[in-house]
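Notes follow once the structure below has been shown.
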Amino acid sequence: MGASQSGPVYMFQDLAQKTGFSIEQIKNLHNRFMYLTQDEDTLRRKHLENISNLALNPIRRQIIEAFFDKRNMGEKGKGCLQEIGFEEFVTVLSFFRPPKPRTADEDMKNIKKEKLRFLFNMHDTDNDGIITLDEYRRVVEELLSSYETIGAETAKAISDAAMLEVASVTVGQMGPDEFYEGITFEQFMQILKDVEIETKMNIHFWNLDTRTMQCGK
Amino acid sequence: MLLSLLCVFLYNAALGMGCMSTVLSGWFHLIPRLSSIVPESCLLIVVGLLVGGLMKLVGEIPPVLESKIFFLYLLPPIILDAGYFLPIRQFTENLGTILMFAVVGTLWNAFFVGGLLYGVCQLEGHRLVTVDLLSCLLFGSIISAVDPVAVLAVFEEIHINELLHILVFGESLLNDAVTVVLYHLFEEYSSVGSITVMDVFLGIVCFLVVSLGGIVVGAIYGILAAFTSRFTSHTRVIEPLFVFVYSYMAYLSAEVFHLSGIMALIACGAVMRPYVEANISHKSHTTIKYFLKMWSSVSDTLIFIFLGVSTVAGPHEWNWTFVMATLIFCLVARVLGVVGLTFVINKFRIVKLTSKDQFIIAYGGLRGAIAFSLVYLLKTEHFPMRNMFLTAIITVIFFTVFVQGMTIRPLVDLLAVKKKQETKRSINEEIHTQFLDHLLTGIEDICGHYGHHHWKDKLNRFNKKYVKKCLIAGERSKEPQLIAFYHKMEMKQAIELVESGGGAKFPSALPSTVSMQNIQPKKPPQDRALPQLSKAREEEIRKILRTNLQRTRQRLRSYNRHTLVADPYEDGWNEILIKRKKMKELEKKISQMNNYLTVPAPPPDSPTIARARLASDPQAWGLKSVTESIPTIKVDLASPQSPESVNMVDEFGKKGSQSKASKEEEGGLTMKVPSPTNQRKDKTADEDNDKEPQQRLMRCLSDPGPTAEEEDEDEAFLP
């Protein structure tokens, strides 16, 4: 790190421009990144799995996968990486940046679309562009996984109901022989249009706790 | 003796006036045009004025709104109603903003108005110079509080979006603590005469004690109520009573110790609600809801009417300078306060408050009966200008309620403020909201950021692990929120269908022919038990059936009023039996809710169309789920049983397909209960089995319907 002290500053500025964070926020994130990887250059899955609080989260696996998903990196690629650098780390986190106060409506729509795309990618694990019944079932199962008493049929029933609802709302009339493949991205956007993702899917980044740099939490 | 007669007359007059006014307010709703222009609160005050005027003409002394009655009997129901149904999620999300407005905003208003009024009094000279600073500050603190009753009355009618509603309403609830503290402080100090820095410091401590103490008292009673409700499974009838009694006791306990009663009541209602609702029966829930609405409605009406009467009755002392100054300063203080605070708050909020929002928040700062009652409580010995205060307060109240109340609706339309969306929560939204919660918590953990989501998650986990186990009876304590939501949705659908009798119109959803069959992967063709038909032949046959369908549909439609749903006018005995069985099934279902999770029907068609389609239309075979959602009467013509014997096909409480098989044997007239609860849908193998009985059946009681041959043709098309 010593020789490249001036390097990171330019890198930070690039990143700031690309992702919309401020320099201060990028510096904080960089500190956090260094803390997570224990001063290595790249982040691996096991680094994220070491976070103790994350272990209690029912959907931790999907969250961790999202960091290594190529689709979220802005490239056209599909598949997942084994390790990511700081740039990819910040890129993924930029999906959770709150929109700037004076954003135009058009931009807001784009931001909403991007955030929904991130969510969609989290569900669509096989990268085929649609969320099938099985994938949705897995989502619900994971959500309910922290309750031991719930059996698999429950998750199945809920996910079936949800899929049915999506199909009913988006497609409407279907003959008995037609087959509903799964939820496409447009349908996904349609059913979640009332949830106001652009205001809900945000985190305050100005409040990064620098105490985490020292203590074990 | 004459005096006693007068007393009796007066007492009766008050009672009679109260009843008459309540009736009048009921009639008010029958005049639609009036109610769209004038908010109800205004009209009630006018009614009160008229009644008061009338009484004065007659020579009676109109009764004044006694503070004791107001605070003990009229205010609690309204606050309890508000607290019990408080939308917790939005409230906690905006808690910082609400607290800022409630505490800092009210303080600013109080000091601004009080200070400036004192200045005006001094400047004005002659009569007003006797008003000292403390009295002015006291007056300022009384008048600066936004009134929940008035806000509720006006905001409920304009259906504004949830964010603004919760901001203004939350502020009106929470500023009670500030008002109480300031009121008592200034009252004490007035008698003493001077204040020191120590007193200011004590004032702050007092504020914290009052507000937090109130909340703690409320929370304790809330937990007690939740705990009690855990054991009421055998005494369902008095369950609502516990809710009301504990809440009222929380209010009284807080008031006794000079803590904030309103905050105690809110805390009690909000804390007990999730646990109580998990424990009590559905009927108790309905009872609580309707009683609270009724009581709060009555209180609301009475408060405004009394306000009108008191205006006529009360001792008045009009002083142009003072009253006008008060009015202007109140408005100015409110606007400045809101703008200034929003500027600070927006730095911390993700969703910024726009200037439109600020305008509505400022404009929605209505004053009401609480301020009036507080002034009324002042004693004239300590406060020689009490009557003047009273007059000024009434003027401000009238102005805010009439002018602001009447104009806020056109302003909301003019400014195109977002209105409340009347959407039903769908299960997809629920799944994704929970998913989002966990996702954001996870991201916060990755960033090492102890934010909003982190603490909320911790609280939820604590709740799940310890609290729910204590306060919720039996199995429900382990139920995840998603499943509870799912149950609630199912219950709602089932009850809607039962209540509508299965024949009337259904909730608005679009008719959809999608069913689980469309979502499950297609079965490979080898499973077809029947010979393959060429596409052309299929089309031909379909066309034939469709033309027959037109005829059948017409016939069936013409009979829909007398058939298909158990017609209560046909045979009263049948009706009683059916209804009783329906209720029994519903209760059974409620008690067995844990074991059944099933796919709800897609938004159903009108029953006639669905049934007609099902009878002959091959397209409609995918509609299995729809048909089960509406009560249908299956008539098996072959069966020797008479139509009189009604058998409830028990949809609830039976597992899977075995039940279906046994039901098929029941011939004659069978009543199928509306049910979105059909687990069989997942088992595609049962499709053939299940379709058959329905195909036999959609007939009206008096019409033999299409011939049996057509039925066989239909069956040939089972996939």
request  = Return the minimal non-hydrogen interatomic distance between A/Leu36 and B/Ile446, and the atom names on each side.
outcome  = CD1-O, 3.7 Å
key: Sub-4.5 Å side-chain heavy-atom contact between B/Phe435 and A/His123   = yes
ask   = A/Asn57 side chain to B/His438 main-chain N or O, any donor-acceptor pair under 3.5 Å?
value = yes
ask   = Taking all non-hydrogen atoms of both residues, which atom of A/Leu29 and which atom of B/Cys447 are closest, and how far apart?
value = CD2-SG, 4.4 Å
key: Residue A/Val139 versus chain B: region with a heavy atom under 4.5 Å   = side chain
inquiry  = With a sphere of 6.0 Å drawn around CD of B/Glu162, does it hold more than 12 non-hydrogen atoms of other residues, nucleotides or ligands?
reply    = no
query = Under a 4.5 Å heavy-atom cutoff, which of A/Val140, A/Ile191, A/Thr132, A/Ile64 has the most pairs with chain B?
reply = A/Ile191
remark   = Residue from B/Ile431, B/Leu439, B/Leu436, B/Asp457 scoring the most non-hydrogen pairs under 4.5 Å with chain A is B/Leu439
NZ/A/Lys113: more than 12 non-hydrogen atoms of other groups inside 6.0 Å = no
ask   = Side chain, backbone, both or neither: which part of A/Glu142 has a non-hydrogen atom closer than 4.5 Å to chain B?
value = neither
request  = Just do the side-chain contact (heavy atoms from CB on, under 4.5 Å) check on A/Phe188 and B/His432 with the steps written out, would you?
outcome  = CA-CA 11 Å; A/Phe188 192 69; B/His432 282 284; 3.5 Å; yes
Region of A/Phe33 in contact with chain B, defined by heavy-atom distances below 4.5 Å = neither
